[in-house]
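For reference, the structure discussed in these notes is given below.
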Amino acid sequence: MDNELGGTDLPPPMSDVVCPFCAMACDDLTVAHDRVGRLRVTGNGCARSRTLFALPALPAHCFIKGRAVPLDAALDAAAALLRNAAFPAVGGMAADTEGVSAALALAERLGAVVDHAASDSLFHGLRALQVTGAMTATFGEVRNRADLFVLFGTEFDRHAPRLFDRLIRPPTALFREAGAARGFLIGPGDGPAPDGFERLTADLRYAPAIAAALSQLVAGETPHGDRVGGIAMADLARVAMALREARFGVVGWVSATLDPAAGDVAVEAFNRLVVTANASTRCAGLSLGGKGNALGANYVCAWQYGVPLRSRLGAGPPEHDPLRYRLKSLLAEGGVDALLWLSALNGAEVPDSRTPMIVLARPGQPLPHDPEVLIPVAIPGLDHAGSVHRGDGVAALPLRRLRYPESSAATLPTAAAVLNALLDRLPASPLPVLIRETAHV
């Protein structure tokens, strides 16, 4: 039978495919084409990967205020909007390494603020790292050695869908019995826990106090009170005993589920707990979550400009200020007069803002309203090759082009190509920028 793309035989399934749709970046997927050219995850993967790899290759058009236009017209309109902006921003930043690099180059030309959609969670860890340092492990070390997990947070299946399959209960492990890991889930909820795990229901607003009490117990001290964060001190004592007795313990957390106002304080407390446990055994911290290649975007910014995200580029030396240049705050207070939003991957939902906006998004990306300019872009790892960074921070994994070249989505421009075309339409020298006085906190 001929397929719709004109061939008689389907290509063989592709193995060891990297999934770009969460920070775990699982690299063991098997992906096949069906008779109409759609992709199907046939081996390994999770519900999210099966859904996103199977996105149909729909034709997509550029739009100016809801009116379909050719790509060149959309680029001209976007360049005009950016050229006239006094305080622009480049946000979202959910793309492969090349797309992120091109977005930063555009921000430098504009004198723009740069920030990732998931930077709140990212900066919980960065601010804590500045205060306490961190003792962490790679995914491979956790998979092959860890025998005890103390996990703070909720919705692990949403933020790290294959955490148990890949790291906690893998089918094989080098230095431990693969299915023997045990642990504790600390956070809201009272549903059943996975085999070998005990759920301790707690209010995560008190995560710093819970972790601090655990540190005292691990060190042999006695905290004040009978309960902390909703957990009986006797139950925490059992967790502390398990940490002391473990050959390789892991303290993990999902930053996105921590208190937004004090997530960095919680991560500081987790880091101190790990240090305390290492006085008598081996223990490592494990941060989970961070969609849209958030860690990779921060790495690229640091490599190229010497500063992390939440910085302003091109208006003199790069200026980093994690409070002043938090894009969500700037949008809420009307501090940005033009926004380019990059969402080639998931994890960068377009903000519901009336700020004039240029959106570069994968086809089918939900929009709160029609932006000034919408340009559809190809999806890294489906429509074109690239790379993303894994959430443990040690590996940049290669993405492959998987769709047939003949499919309509595979003919969409990459985010990097669109951003470079925009760059060509702007003045070669940095644009004049408005220096705004803002009180530092």
Side-chain angles (χ1 to χ4, degrees), residues 20 55 57-85 88-110 112 114-117 292-293 296-297 300-301 304 313-314 338-351 355-365 367 370-388 399 401 403 405 407-428 431:
L55 287 173
L58 298 173
H61 303 283
C62 300
F63 292 88
I64 298 176
K65 295 183 177 179
R67 176 175 58 88
V69 297
L71 174 60
D72 280 342
L75 288 168
D76 290 342
L81 178 60
L82 294 172
R83 193 180 299 116
N84 295 322
V90 176
M93 304 288 285
D96 64 312
T97 301
E98 187 180 10
V100 170
S101 182
L104 293 170
L106 181 67
E108 182 181 13
R109 180 74 58 86
L110 296 168
V114 291
D115 197 10
H116 194 281
N293 196 25
V300 175
C301 190
Q304 296 188 179
L313 307 179
L339 172 64
L340 186 141
W341 190 263
L342 175 56
S343 182
L345 292 169
N346 62 316
E349 290 72 19
V350 179
T355 300
M357 195 181 311
I358 301 154
V359 175
L360 277 54
R362 59 186 174 86
Q365 169 76 58
L367 302 172
D370 289 331
E372 274 63 25
V373 180
L374 172 63
I375 300 176
V377 294
I379 302 174
L382 273 69
D383 304 319
H384 68 90
S387 65
V388 293
L399 304 176
R401 182 179 186 174
R403 289 206 233 244
S407 74
S408 54
T411 63
L412 289 175
T414 66
V418 171
L419 291 162
N420 287 329
L422 272 176
L423 199 61
D424 290 341
R425 285 167 165 77
L426 295 172
L431 297 177

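Keep in mind that the numbers below use all heavy atoms, side chains included, and drop hydrogens, waters and symmetry copies. Position 1 is the first residue of the sequence; numbering continues from there. All values reported here derive from a predicted model rather than from experimental measurement.
Ala338 and Leu82 get closest at one heavy-atom pair: CB-CD2, 4.5 Å. Here the closest non-hydrogen pair linking Pro20 and Pro380 is CG-O, 3.6 Å.
Not counting sequence neighbours, the partners of Asp115 by the side chain to side chain donor-acceptor pair (under 3.5 Å) test are Ser119. Applying the side chain to side chain donor-acceptor pair (under 3.5 Å) criterion to Gln365, with sequence neighbours excluded, gives Ser343. The side chain to side chain contact (heavy atoms under 4.5 Å, CB included) check on Ala94 picks up His116, Leu345, Ala348, with sequence neighbours excluded. Ser387 meets the side chain to side chain contact (heavy atoms under 4.5 Å, CB included) test with Thr97; sequence neighbours excluded.
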Which donor-acceptor pairs under 3.5 Å do side chains of residues 356-364 form with protein atoms, sequence neighbours excluded?
none

Only distances under 3.5 Å count here; give the side-chain donor-acceptor pairs of residues 70-78 to other protein atoms, sequence neighbours excluded, each with its distance to 0.1 Å.
{"residue": "Asp72", "atom": "OD1", "partner": "Arg425", "partner atom": "NH2", "Å": "3.4"}
{"residue": "Asp76", "atom": "OD1", "partner": "Arg425", "partner atom": "NE", "Å": "2.8"}

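The structure places CZ of Arg83 at 10.0 Å from CG of Leu422, a figure rounded to the nearest 0.5 Å. With rounding to the nearest 0.5 Å, the separation of CG in Leu382 from CG in Leu399 is 9.0 Å. Distance CG/Asn420 to OG/Ser101: 8.5 Å, rounded to 0.5 Å. How far CD1 of Ile379 is from CG of Leu412: 8.5 Å, rounded to the nearest 0.5 Å. Interatomic distance, Glu349 CD to Trp341 CH2, rounded to the nearest 0.5 Å: 8.5 Å. One finds the CG atom of Leu419 at 6.0 Å from the CG atom of Leu342 (value rounded to the nearest 0.5 Å).
At least one donor-acceptor pair under 3.5 Å links the side chain of Asn293 to the backbone N or O of Ala95. A donor-acceptor pair under 3.5 Å is formed between the side chain of Arg109 and the backbone N or O of Leu423.
Side-chain atoms of Leu426 and Leu106, non-hydrogen and from C-beta on, do get closer than 4.5 Å to each other. Inter-residue side-chain proximity for Glu108 and Val114 is flagged as unmet; no heavy-atom pair is nearer than 4.5 Å. The side-chain heavy atoms of Met93 and Val100, taken from C-beta on, include a pair separated by under 4.5 Å.
Residues Arg403 and Asp383 are paired through a salt bridge, judged by an N-O separation under 4.0 Å between the basic side chain and the carboxylate.
Side-chain atoms of Glu98 and Thr414 form no donor-acceptor pair, as typed in the model, at a separation below 3.5 Å.
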